[in-house]
Structure formats: structure tokens, C-alpha cells
*Asks:* 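I am attaching a structure below and will ask some questions about it afterwards.
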Amino acid sequence: MEGSLVSDPAPGAGDLQDFDALVRLHRPRIFRFMLASLRDRESAENLTQDCFVRAYQAREQFRGAASAGTWLMQIAANLIRDHEGSNRLKFWRRTLRHDLDPADLGNWIPDQRQSPEAVALAREQVTAVWSAVARLPERQRTVFLLRFVEDMDLLEIAAVTNMKEGTVKTHLFRALQTVRARLGGKS
Amino acid sequence: MNPRRSNQHSSDWRAEAARLETPLSLFRGFVRHWSSQHRMGYEENPMNTAIEYADYHLARLLPLTPLDAPWYRGFFRNVCDAIHAPQLPLLEVSSRPVEVKSIWGIYPRQKRSWAFSLALQSLAVVVLFAAVSSPTVRHAAREVFQLQVPIHISPYKPAVQGGGGGGDRSTIAASQGKLPKPALKQFTPPAAVVRNPDPKLTIDPSILVPPDVPLPQVASNNYGDPFSKLLTPSNGTGSGSGIGTGANGGVGPGTGPGVGLGSDGGIGGAVFRAGAGVSAPALLYKVEPEYSEEARKAKYQGVVVLTVIVDTAGRVTNPRVVRSLGLGLDEKAIEAVKKWKFRPGYKDGRPVLVSAEIEVSFRLL
């Protein structure tokens, strides 16, 4: 559902007339991306707020070259990069401390119909991917999350991260290699 | 970027993604679930937080154990805690002790206070000296304070009044000669003509003169009156032994064992001071001095010190003012003291002239 929003074919300044509607529409995605990148609810909320503040301040500069969703995600990616650059040490310390919230993972049941064994296996795999993503460099992680969590295609990712498509592919490949190494032989 | 490598990467990442499809989809599901969970708490139920907080605080307010629980349950828990203490999370100390100066203890001397103290005290001393040395202040102080004349401690000056005389009723006047040695007790009166040449008990003649009184010295071997011009030895026309025209064993025209005019020992009528065998005169009758009119108006009070001689009859003679008060009080004091009556001072059972100091105090009640 949200994937279709990304590829909304009606970009333009008209999108920004109703900024409240824009926020309601895109805030869950932005917040999810922030949360997955930062793994800190407070920072994610702050940066989501910052993202929309910046978008509101720069809404005149939006020319409709991309969809509003892509534009907002671009702002979010820049914010995350700034945040990481300024708070690298603090961020990593916090990340290592609550690398994975066990309560969240414990609550999460991928599929009610699966057997406990399958649920345990799924949890194990998710934990492995999660920790692997946490150790990825910032660009690889952003590309990975945009591709496999937000389901954006490569051109959109290239627009968001301001990279060429080939670079995006390279980052994706390296990120996947790291994740696969973390998962071990299971594939 | 190399296009060939890019293509290779492109195919590679797709292959990798296909291989990891299951974990990646699981991961996607988890992240979405997690994010939506957070969003649920944050956005879609804004009242939720408040209610949650209220419950939370209520839970913290309520006691952990019911108050009506039996005592042995708490006791048992205490024992369990003592044996195996529950592992508490490490206390996260966010504050750090700051080194401050010690507030208890002995303080070093503070230079500023020391300097202040020194300056203040030296200023006080300077002010005091300046005030005392100022003439106006000294004048005022003299008005205020009565400088006490110290007790009479001038060197003992034996009175040279008094006297004595004697004789053995000779027909000629006493002859010239030296005086016998002075003594405070006369055993034998001097004699120019010794009537008893062979006494049983020989005692040197003496005259009753206070010691250290300068006596007229005459170069002569015989006793006699030093003021006489006669050379023929004679005891004089007096009576009661002694030399001269007087009586009672002295030398000269007086009465008594002394020398010269006067009576009762001494030279020229000596006045004794109390002490050394002379009893002090005792007051028998006293008249309170009157206040002078001026002094009463000025509310003036003080002490007048008089030197008087108490004669053998106990009367006061020769009053002299030693310390004056002024405003007519000196005169009033003398007037009163002249009416006083004393028991005279005695020496060897005989009344003698005794000089005395009398303090007459004037007090306004």
C-alpha cells in the first residue's frame, strides 16, 4: 500500500498545498525509516519532526522533480547522515547498549499459524539481520533499508541518496553480503 | 563506476536478495511491526500516555506489600534477602563529586582581617593618646577626677616642738654643757653637778627626745644647757632634777624630760606621731561639718584633709589644710574639727602632743 504511495504519479507543488495531509500520509514511513536507522525512538521522533519542519520551510523550493514521498525521504536521509556525523560515538554507544529491544522482538510473532519452531527460527533470522544491519556503514544501511523495508526501486533510492544507480547497486550488494555472512550458511 | 562491474553487481545483488528472501521479508515484517507499535503508542492514542502515567504513579504510590500482611512473611523475606540478596541493577552515577574547600578545621590567619585588626587597634591607641594629650581634655579630666594625694609618706621628721626642763633649785643658772644622748625612755636625768657621785646602779643620763633629731652640739665634757653662757657647773634653778629652769628632769626651761621650751619631751615642745610607743588619739566627740552655701548650690562634695595636733588635753590645735576643696568647705571643716574632742595620744602613760591627719568628708545626701 505504501509502496504505491512512493510511486504516486502526481507530483508537483499542488501536493504541498495541504501540508497537514502530506504529514498524515508520509509520517509513518519517515518515522519507520528513522526508527530502523537510528533504533532510538526519541531520536527517530525528533528527526521525523525535523524532517517535516525542513520540508515546510523549503516547500517553495520543491519543484515537483520527484514525488513528494521521495523528496521527504531525501530530506530524511540527509538528516540521518547529519545526525550520524554529529553523534557518531553517542549513537554507536546507544546502539550497542540496546542493540535489539528484546521486548519488541518477543512480542513479534511473524505468523500465527506457524509452529513454535518456525517462529523461533524466524526470530533468530530477524535478530541476525537486525544486528548485521546495525553494523553496516551508514550508506549501505540506508540503501538496504530503503530497498528491503520501504520497497523503493533503485532509481528512487538513487534519487533519495543522491547517488548513481550503479553505486546504489554496489552498496546493496555489499550490504547483502554482510547480512548473509552474519546469517551463516542458512539461506 | 565501471559499467561492467555495475552490471555484475546488479545481477549479484539480485541473486543475493533472492537467496536471502525469507530473512529479508521477515526483517521487513518485524521493522514494520515495531514501527507501527511505536506509532500506536505515540500517535493514535494520545490519551494513552496520560492514563499509563497515572497508573504507573498509582502503582508506585501503593505499598509493595499489603499492610495487613502477617509479620512472619516480612521476616521470612528479610531472612531470604540476608542469605541471598537480590541482584539490583548497577547504580548509574551521573553526578561526580566536586572537590571543595574544607569547611571544618583550623583556618589560616586571614591577611585582610589581620590587617584590619591591626589598623583598628593602632587607630584606637592613637586616638586615645591624642585625646589624653589634648589640653582641653586634660583640663576637663582634672575637673572630673580628684587626684588622690598619696598617704603621707614623707620621710619621718621628728617633731621638734615640746621641751623639757629641770634643775635642782640651785642658786645660779644652769651652766653650759653638752646634751646627753637622746633616748625614748629616760632613766636618769642629766646633771651638771652630780649629787650622787657613787651610785649603786650606773645608767647614762639621757633626755626624752625622738631619735634622729638634730641636737645642738657643744664641745664640752660636762652635761649642761647648750644655750647657757655660764661656765660654773650648776644644775640650774629648776626643780625635779635635770638641768635648767624648768621641771621634771629635762634640760631647759620647759617641763618634762625633753630639751627647751615646751613640755613632755622632745626639743622645743615635740609632737609625736602615733606608733612606736605612742598611742594614737581616739575620737571622743565629733561635730558634723556644715555645708557652705556655695558648695551646697554647686552640689559640690569631696574630702578635706587636715593636719592637726592633738594636745595633751585632747583638743585640736594648729589645724592646717593638706587637701583643699574650696567653696568655703575648708573653713567649715576647720571650724568643725576645732570642736572635736580626743583622748590624747599617750606615751609611757603620759599624754603627749600627737600630730594627726583628719579627713573631713563632705557628702550631699
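In the text below, chain A, chain B and the rest are named by the order of the sequence lines, each starting its count at 1.
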*Asks:* Is Gln177(A) atom CD crowded by more than 12 heavy atoms from other residues, nucleotides or ligands, each under 6.0 Å away?
*Replies:*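 Counting other residues, nucleotides and ligands, CD of Gln177(A) exceeds 12 neighbours.
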
*Asks:* Should we say atom CD of Glu294(B) is surrounded by more than 12 heavy atoms from elsewhere, each under 6.0 Å from it?
*Replies:*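 Yes, because the 6.0 Å sphere around CD of Glu294(B) holds more than 12 heavy atoms from other groups.
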
*Asks:* Mind ranking Leu176(A), Leu172(A), Val168(A), Leu145(A) by heavy-atom pairs under 4.5 Å with chain B and telling me who comes out on top?
*Replies:*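 Of the candidates given, the most pairs with chain B belong to Leu176(A).
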
*Asks:* Of all residues at least two apart in sequence or in a different chain, which pass the side-chain hydrogen bond (donor to acceptor under 3.5 Å, both in side chains) check with Glu293(B)?
*Replies:*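 None.
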
*Asks:* Identify which one of Glu124(A), Gln125(A), Arg180(A) satisfies the side chain to side chain contact (heavy atoms under 4.5 Å, CB included) criterion when paired with Pro23(B).
*Replies:*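 Testing Pro23(B) for a side chain to side chain contact (heavy atoms under 4.5 Å, CB included) against Glu124(A), Gln125(A), Arg180(A) leaves exactly one candidate, Gln125(A).
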
*Asks:* Find the distance between CG (Asp151(A)) and CZ (Arg32(B)) and round it off to the nearest 0.5 Å.
*Replies:*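 CZ of Arg32(B) is found 5.5 Å from CG of Asp151(A).
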
*Asks:* As an exercise, state the distance from CG of Leu26(B) to CH2 of Trp130(A), rounded to the nearest 0.5 Å.
*Replies:*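 Here the rounded value is 14.0 Å.
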
*Asks:* Distance from Arg147(A) atom CZ to Arg28(B) atom CZ, nearest 0.5 Å?
*Replies:*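 It comes to 7.5 Å.
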
*Asks:* Do Phe27(B) and Val179(A) have side-chain heavy atoms sitting under 4.5 Å apart?
*Replies:*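 Not in contact.
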
*Asks:* With sequence neighbours excluded, what pairs up with Phe52(A) under the ring pair (Phe, Tyr, Trp, His ring centres under 6.0 Å) test?
*Replies:*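 Partners of Phe52(A) by the ring pair (Phe, Tyr, Trp, His ring centres under 6.0 Å) criterion come out as none, since no residue qualifies.
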
*Asks:* Quick check: do Val31(B) and Phe33(A) have side-chain heavy atoms less than 4.5 Å from each other?
*Replies:*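 Val31(B) vs Phe33(A): side chains apart.
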
